[in-house]
> 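Encoded as structure tokens, here's the structure I'll be asking about.
Every chain is numbered from 1, with letters handed out A, B, ... down the list of sequences. No experiment lies behind these values; they were computed from the predicted model shown.
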Amino acid sequence: MLQALAPGLLEAREPVQRDRYALPPLPDAEKGVVMRFAPNPSGPLHLGHARAAVLNDVYVRRYGGRYILRIEDTDPKRVDPGAYETVPEDIRWLGCGITETVYQSDRLEVYYDHARRLIERGGGYVCTCDNDRFRELRLARTACPCRGGEVEENLARFEGMLAGAYAEGEASLRVRTDLDAPDPALRDFPAFRILTSTLHPRIDASVYPLMNFSVAVDDHLLGCTHVIRGKDHIANTRRQQFIYDWYSWTPPHFRHYGRMGIEGVVLSTSEMRAGIAAGRYEGWDDIRLGTLRALARRGIEPEAVKRAMLAIGIGETDIQFSWENLFAENRAIVDPVADRLWFVPDPVAVEVTGAPPREAHPLRHPGDPSRGTRTLAYDGSVVVPAAELAGEISLLRLKDLFNVEVSTVEGRARLAYAGDELADARGARVPIVQWLPLDGTVPCTLRRPEGEIAGVSEPSVCDAVGKVVQFERVGFARIDTAGPGGAVAYLTHR
RNA sequence: GCUGCUAUAGUGUAGUCCGGCCAAUCAUGUCGGCCUUUCACGCCGACGACUGGGGUUCGAAUCCCCAUAGCAGCACCA
């Protein structure tokens, strides 16, 4: 219509209707990309990891190419053996298109070999200085005594490190950078250390590469074209640049997104582990945690996480992640598919007078009647939420049943049949409440981060185990377990 | 302290590179209304922001400077 009347107007009014989930283009990506997600296997993945995993995944899908999952397990102190299982599981749940998985602990010889080459090029030296001493020298922009050594000597000392000639902490291999670098963090940073006090769960080793070395070597060897990571790595990117320079390698394109704070949950893996050990949390999927498995348990769809991350994008601004935004994404996904079910919180049993038994047939989904109805047999007594009887209410409608008058006799509420007409309830602007037959309920606990709500649900809750349903007038919930003895559901969000 | 990054409504985000089309986009949120046998979904409307101060310019959210704030790094962690 408008198109016909004023075609020009329509066009003018359409200013780049940008896709909320679109990401900016990557440079030099037209011929495909190689990207990686490189977590430390210290525990299950959380929302912070999801951002990196999703951003990289989406770019690989967009441009085509390889997506490497690189397990960065070069610090045995920060390896949780269980994470070798849980990390890939979480990645699978998120739906990332990983094409290959690499374990850094399998590649120690590669790193040793490159260490030798670095030394040969004059880019590395074995340092046996005391830590505090070195720190002072670095701040003073002064070379430490080890820095001037010959290549042959450094090579020999490095082999000594590998052969066990030095104890933990006695020697390290440093990258020769620029002592005048304005940022002290860049001056002759370490590339390898000796660690014997903690055993590695997968390998027998005592000389480990540090992150900046192994990451630079792997990114190059694995052919990474683009690296997207958090802003906290900016200093590392600069450090790694020195390594690329020593080998005359072309570095990948780097992109750093801002810090993401998450309201209300613990994100630190060590803190979560401590809480679980202390019994404060039930496990890694405790719904008060920010792990992906906790989200899954609550009924958050991976696609919702993905969309929320894409909406945030790769901006360099530090942001505060808001659950509201994630919930909105999830609601949009779940609302069209979730079956409706009645959950009566804090149920009160009440007798209803004046109406013979009959059946109610609420729709499974109001937007799709073809999905059918459930059957609830009213036979004279019902349970309703206590909150509905609390006020000065004189009239209610039992949903899909009939209207009732509310009265109080000797301190107890009683309901009396007040007609079938929906219009009466509408006209009186009276609440339409969920109810259940007194003898046809299953005990149901609705668990939320803020606490549990005891209630009852209709028996068909047992058919929905593992699914997200909508408890009408309460919110969406994932049915965790259910049987004749009772059900446990987790509130997803309202 | 040193080094660096960032700064648009409650939250997220577009616009910033290449000043004017920005009396600033979209989403979410909150409030109000409509629809509806759910307080869901949908629809309509309202609310709400360019950190501050200088400068350049006919014109600045956009460029420059200063200030302020937040964050990060300065680990033999990733």
> So what does T317(A) touch, heavy atoms closer than 4.0 Å: a base, only the sugar-phosphate, or nothing?
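Here T317(A) touches the backbone only, sparing every base.
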> Regarding N131(A), tell me which of base, sugar-phosphate or nothing describes its non-hydrogen contacts under 4.0 Å with the strands shown.
base
> For the side chain of R20(A), counting heavy atoms from C-beta on, which of rU28(B), rG73(B), rA27(B) is nearest?
rA27(B)
> Can you check whether L155(A)'s main-chain N or O pairs, donor with acceptor, with R116(A)'s side chain at less than 3.5 Å?
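Not a single qualifying donor-acceptor pair exists.
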> What does P362(A) touch in the nucleic acid at a heavy-atom separation under 4.0 angstrom: a base, only the sugar-phosphate, or nothing?
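Since no nucleic acid heavy atom lies under 4.0 Å of P362(A), the category is nothing.
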> For E388(A) and rU38(B), what is the distance between atoms CD and P respectively, to the nearest whole Å?
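In whole Å, rU38(B) P and E388(A) CD are 13 Å from each other.
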> Compare the minimum distances between each of rG73(B), rG70(B), rA78(B) and the side chain of D318(A), then state the nucleotide with the smallest one.
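The answer is rG70(B), which lies nearest to the side chain.
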> Excluding sequence neighbours, so at least two apart, what forms side-chain contact (heavy atoms from CB on, under 4.5 Å) with A53(A)?
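By the side-chain contact (heavy atoms from CB on, under 4.5 Å) rule, A53(A) matches F37(A), Y67(A), I91(A), L94(A), C96(A).
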> Verify the contact: side-chain N or O of R426(A) to OP1 or OP2 of rU38(B), cut-off strictly under 4.0 Å; return yes or no.
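Result: yes.
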> Between G367(A) and D232(A), which has a closest nucleotide on RNA chain B that is more 5'?
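It is G367(A) whose nearest nucleotide is closer to the 5' end.
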> Is F189(A) touching bases, backbone alone, or none of the nucleic acid, heavy atoms closer than 4.0 Å?
nothing
> Less than 4.0 Å between a side-chain N and a carboxylate O, is that true for R202(A) and D106(A)?
yes
> As a test of reading the structure: which of rU11(B), rA75(B), rG4(B) is closest to the side chain of R238(A), going by heavy atoms?
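So the side chain of R238(A) is nearest to rG4(B).
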> Is the side chain of H365(A) donor-acceptor paired with the backbone N or O of D335(A) at a distance under 3.5 Å, no angle test?
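Checked: pair present.
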> For rA40(B) versus rC35(B), give the span between their P atoms, rounded off to a whole number of Å.
15 Å
> On a whole-Å scale, what distance lies between the C1' atoms belonging to rG54(B) and rC2(B)?
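Looking at atom C1' only, rG54(B) and rC2(B) are 28 Å apart.
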> Near RNA chain B, which residues from residues 334-348 of chain A have a heavy atom under 4.0 Å away?
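Listed by number, they are D335(A), R340(A).
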> Write down the atom of R174(A), the atom of C127(A), and the distance for their closest heavy-atom approach.
NE-SG, 3.5 Å
> Please identify which of these residues, T492(A), I300(A), V334(A), meets the side-chain contact (heavy atoms from CB on, under 4.5 Å) condition with F327(A).
I300(A)
> What integer distance in Å separates I432(A):CD1 from rA40(B):C1'?
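Going from CD1 in I432(A) over to C1' in rA40(B) covers 14 Å.
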> Using atom CG of D132(A) as one end and atom P of rC76(B) as the other, report the distance to the nearest whole Å.
10 Å
> R157(A) CZ to rC76(B) P: how many Å, rounded?
17 Å
> Would you say the side chain of Q470(A) and the base of rU38(B) hold a donor-acceptor pair, judged only by whether the two atoms sit under 3.5 Å apart?
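Answer yes: a donor N or O sits under 3.5 Å from an acceptor.
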> If only side-chain N and O atoms of R138(A) are considered, is one of them under 4.0 Å from the OP1 or OP2 phosphate oxygen of rA75(B)?
yes
> Please report the distance separating the P of rC34(B) from the corresponding atom of rG70(B), rounded so that it comes out in whole Å.
46 Å
> Using whole Å, report how far CZ of F327(A) lies from P of rU11(B).
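In whole Å, rU11(B) P lies 18 Å from F327(A) CZ.
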> State whether a side-chain donor-acceptor pair under 3.5 Å links R229(A) with T237(A).
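Yes.
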> Whether N325(A) contacts rU11(B) is assessed here as follows: a side-chain N or O lying under 4.0 Å from the phosphate OP1 or OP2. Is that the case?
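It does not, given that no N or O in the side chain of N325(A) lies less than 4.0 Å from OP1 or OP2 of rU11(B).
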> Looking only at heavy atoms, what is the nearest atom pair of A311(A) and Y21(A), with distance?
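So the minimum-distance heavy-atom pair works out to N-CD2, 4.1 Å.
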> How would you label the contact of H233(A) with the nucleic acid (heavy atoms, under 4.0 Å): base, sugar-phosphate, or nothing?
base
> Of all the nucleotides listed (rG73(B), rG70(B), rA78(B)), which has the minimum atom distance to the side chain of M211(A)?
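Nearest to the side-chain atoms of M211(A), counting from C-beta on, is rA78(B).
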> Could you state the CZ-P distance from R133(A) to rC76(B), rounded to the nearest angstrom?
16 Å
> Among the candidates rA72(B), rG4(B), rC76(B), find the nucleotide nearest to the side-chain atoms of I234(A).
rG4(B)
> Output yes when at least one side-chain N/O atom of R331(A) is less than 4.0 Å from OP1 or OP2 of rA40(B), else no.
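Negative; the distance criterion is not met.
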> Using the side chain to side chain donor-acceptor pair (under 3.5 Å) rule, take N325(A) and E329(A) through it: C-alpha gap first, then chi angles, then the decisive distance, then the call.
CA-CA 6 Å; N325(A) 293 325; E329(A) 300 289 359; over 6 Å; no
> Quick one: does T177(A)'s side chain have a donor or acceptor within less than 3.5 Å of a partner on L186(A)'s backbone?
yes
> If you check every side-chain atom of A328(A), which of rC76(B), rG73(B), rU28(B) has the closest atom?
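Selected nucleotide (nearest to the side chain): rU28(B).
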> Is it the case that more than 12 heavy atoms not belonging to D180(A) sit under 6.0 Å from its CG atom?
yes
> Can you name the atoms? Protein N/O to nucleotides 43-48 of chain B N/O, anything below 3.5 Å, with the distance.
none

> Give a yes or no answer on whether the side chain of H114(A) reaches the backbone of V110(A) with a donor-acceptor pair at less than 3.5 Å.
yes
> Quick one: are R255(A) and L55(A) in side-chain contact, heavy atoms under 4.5 Å?
no
> Going by distance alone, is a donor N or O of one side chain under 3.5 Å from an acceptor N or O of the other, for R239(A) and N236(A)?
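Yes, side-chain donor-acceptor contact under 3.5 Å.
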> When all nucleic acid strands are considered with a 4.0 Å heavy-atom cut-off, which category describes I319(A): base, sugar-phosphate, or nothing?
sugar-phosphate
> Within this structure, what is the CG-to-C1' distance between N236(A) and rA78(B), rounded to whole angstrom?
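That distance rounds to 8 Å.
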> Test your reading of the model: is there a side-chain donor-acceptor pair from T291(A) to the backbone of L45(A), 3.5 Å cut-off?
no
> Under 6.0 Å from the CD atom of E85(A), do we count more than 12 heavy atoms belonging to anything else shown?
no
> Which residues within residues 70-80 of chain A lie with some heavy atom under 4.0 Å of an atom in RNA chain B?
E72(A), T74(A), D75(A), R78(A)
> State whether the side chain of N212(A) and the backbone N or O of Q240(A) hold a donor-acceptor pair below 3.5 Å, judged by distance alone.
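Looks like no, no N/O pair under 3.5 Å.
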> Taking RNA chain B as the partner, which of residues 308-315 of chain A come within under 4.0 angstrom of it by heavy atom?
A311(A), I312(A)
> Using the P atom on both, measure rU6(B) against rC18(B) and round to a whole Å.
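The same atom, P, in both gives a distance of 16 Å.
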> Sticking with atom P, work out how far rG12(B) lies from rC71(B), rounded to a whole angstrom.
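Per the computed distance, 14 Å lies between those P atoms.
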> Tell me whether the side-chain N or O atoms of E472(A) pair up with the base of rC41(B) as donor and acceptor below 3.5 Å, since no angle test is needed here.
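Result: no qualifying N/O pair found.
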> Please classify the nucleic acid contact of N40(A) as base, sugar-phosphate, or nothing, using heavy-atom distances under 4.0 Å.
sugar-phosphate
> What pattern of brackets, bars and dots sums up RNA chain B from 5' to 3', given Watson-Crick or G-U wobble pairs under 3.5 Å, [ ] for crossing pairs and | for another strand?
(((((((..(((.......[.....)))((((((.......))))))...(((((..]....))))))))))))....
> Send over the distance from F321(A) CZ to rG29(B) C1', rounded to a whole Å.
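Rounded to the whole Å, the gap is 15 Å.
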> Work out how far the P atom of rG55(B) is from that of rC22(B), and round it to whole angstrom.
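Those two atoms are separated by 27 Å.
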> Expressed as a whole number of Å, how far does the P atom of rC64(B) sit from that of rG20(B)?
15 Å
> Looking only at atom P, what distance separates rU28(B) and rG42(B), rounded to whole Å?
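Rounded to whole Å, the distance is 8 Å.
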